[in-house]
Amino acid sequence: MAERREPFEGTREELILDPWFAALRAEPAEPPLALLSAILADAAVVDDARNAVHEPTAVVAEATTPAPLPAADADAPRRRLSGWKAAVALAACAALGFWIGIDGRVTVEDGTVWTGARAVAADSMPDDPVGAFFDLASAEG
Amino acid sequence: MIGSARAPRRCHLTALPGGCILPPMTPIRTEDADDATLLARYAAGDRAAARLLTARHAPRVFALARRMLREQAEAEDVTQEAMLRLWRIASDWQPGQAQLGTWLYRVASNLCIDRLRRRREIASDGMPEQADEAPGALAQIEADDRAVALRAALETLPDRQRLAVVLRHFEERSNPEIAEILDTSVEAVESLLGRARRELAARLAPRREALGFSDG
């Protein structure tokens, strides 16, 4: 059964009660100043705590985000080799070693470790290199 | 019953040096700003907004608690707790989800009802009951004081009826707003108020002449 609505039932009671309510309404109910100060202090503390929580969170977020590799790290091998010149020399030596390794004309038995061109020259050297040197010197004056 | 003698009020969360006096805040030019805007500003770190919200709502919450609990210290505790909950949810507040004042009234109402229940539990455990909550309390009041008589009559009402009367007749909230605060329907609020008024009228009518009210 639906509850009976009583839109006007309070009217008679309200007439009776109104002056009573008015008497109580007239009583002040102001909050003391100390209470307001305490409420504002709570607000400040909550605000501070919120800020304190948010700051470390940002640091953690940065730490967990993969950072791009710094440019200095990409250059680290060159720095470890003490500069461009050393790096180029090392690369040239590596290439030379590789070429010697695959070039069948140059062998360890030849006693040379120079280039193929020099090795070819070594093959065509005269049997008496000292005499040939003086021959060349006298020919050139 | 909490004793009337109590330590000076301090902030809930920490005891600031020198009590709870805050440093002066920068003035804010948004006295007319709505509550949700002020709360958002507070959540963004504007403490002047908190001061405006406190000035706007704390007196109302305190008045409600004072009339519900009739105990100054408890009313202060309820007010501080309700406002503290507001500060804590500030950053999560969704504009438009509820009126901030209504939300505060609801929190304060629940806190008041909790305390009234606790009082009764303590009383039923053998603690001396307050005289003006006992049956026939009205008859014990001989003072020619209408407010005292009404307060005593109010205390005989069930908690939700008392809350509805306080919100309607002292805080002057509308029935739909009271329904929202009590988390019930408008019809249920009307029913609560009707029963409460009948009860109050029945209790106070015999004292009308004695307290100087003329028939009307």
Side-chain angles (χ1 to χ4, degrees), chain A residues 1-70, chain B residues 8-14 16 19-23 25 42-43 45 47 50-51 53-55 58-59 61-64 66-67 72 75-76 79-80 83-84 86-88 90-91 145-147 149-151 153-154 165 169-170 187-188 190-191 193-194 197-198 200-201 204-205 208 211 213 216:
Chain A
M1 185 175 151
E3 185 181 8
R4 186 168 58 93
R5 289 188 58 179
E6 304 165 332
F8 303 107
E9 193 163 319
T11 303
R12 189 178 69 84
E13 285 82 7
E14 280 190 51
L15 284 175
I16 296 172
L17 293 171
D18 267 351
W20 301 82
F21 289 143
L24 197 52
R25 265 199 302 266
E27 282 194 344
E30 291 298 317
L33 194 59
L35 172 62
L36 299 179
S37 293
I39 290 170
L40 290 175
D42 284 344
V45 171
V46 170
D47 189 39
D48 287 341
R50 188 162 40 228
N51 292 335
V53 166
H54 284 173
E55 285 167 10
T57 301
V59 171
V60 169
E62 285 174 12
T64 54
T65 303
L69 189 65
Chain B
R9 178 161 295 277
R10 311 194 76 158
C11 47
H12 269 330
L13 303 176
T14 185
L16 296 181
C20 287
I21 304 302
L22 288 177
M25 296 178 183
Y42 163 70
R47 295 184 186 178
R51 191 162 58 176
L53 284 171
T54 301
V61 173
F62 176 76
L64 170 70
R66 184 77 178 81
R67 286 179 172 126
Q72 175 84 7
E76 291 181 16
T79 306
Q80 191 173 2
M83 295 301 292
L84 177 60
L86 178 66
W87 306 141
R88 284 179 172 156
S91 54
D145 187 337
R146 299 167 185 179
L150 178 55
R151 273 202 303 263
L154 276 171
V165 168
H169 294 286
F170 300 111
E187 289 79 7
E190 289 170 353
S191 177
L193 286 170
R197 288 176 191 136
R198 281 197 300 276
L200 289 174
L204 293 171
R208 283 169 56 82
L211 294 178
F213 291 124

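Chain A is the first sequence line, chain B the second, and so forth, proteins listed ahead of strands; every chain is numbered from 1. The structure displayed is predicted, hence computed values, not measured ones.
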**Item:** Side-chain donor/acceptor of B:Trp87 to backbone N/O of A:Ile39, under 3.5 Å
**Value:**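 Judged by distance alone, yes, a pair lies under 3.5 Å.
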Please look at [X] and chain A and tell me whether the side chain, the backbone, both or neither of the residue comes under 4.5 angstrom of a heavy atom of that chain.
{"X": "B:Leu193", "result": "neither"}
{"X": "B:Val165", "result": "side chain"}
{"X": "B:Leu154", "result": "side chain"}

**Item:** Closest contact, heavy atoms only, B:Gln72 versus A:Pro32
**Value:**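 Here B:Gln72 and A:Pro32 meet closest at NE2-CD, 3.7 Å.
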**Prompt:** Do you know the tightest heavy-atom contact between A:Leu36 and B:Ala58?
**Reply:**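 Residues A:Leu36 and B:Ala58, closest heavy atoms: CD2-CB, 3.8 Å.
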**Asked** Hey, what's the ring geometry for A:Phe21 with B:Phe170, parallel, tilted or perpendicular (30° and 60° as the breaks)?
**Response**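 It falls in the perpendicular class, over 60°.
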**Message:** Can you tell me how far apart CG (A:Asp42) and CD (B:Gln80) are? Round to the nearest 0.5 Å.
**Reply:**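 These two atoms lie 4.5 Å from each other.
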**Prompt:** Hey, are the side chains of B:Arg47 and A:Asp47 touching, using non-hydrogen atoms and a 4.5 Å cut-off?
**Reply:**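 B:Arg47 vs A:Asp47: side chains touch.
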**Request:** Apply the side chain to side chain contact (heavy atoms under 4.5 Å, CB included) test between A:Leu17 and each candidate in B:Arg198, B:His169, B:Arg197; give the one that qualifies.
**Result:**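 Going through B:Arg198, B:His169, B:Arg197 one by one, the side chain to side chain contact (heavy atoms under 4.5 Å, CB included) with A:Leu17 is satisfied by B:Arg197 alone.
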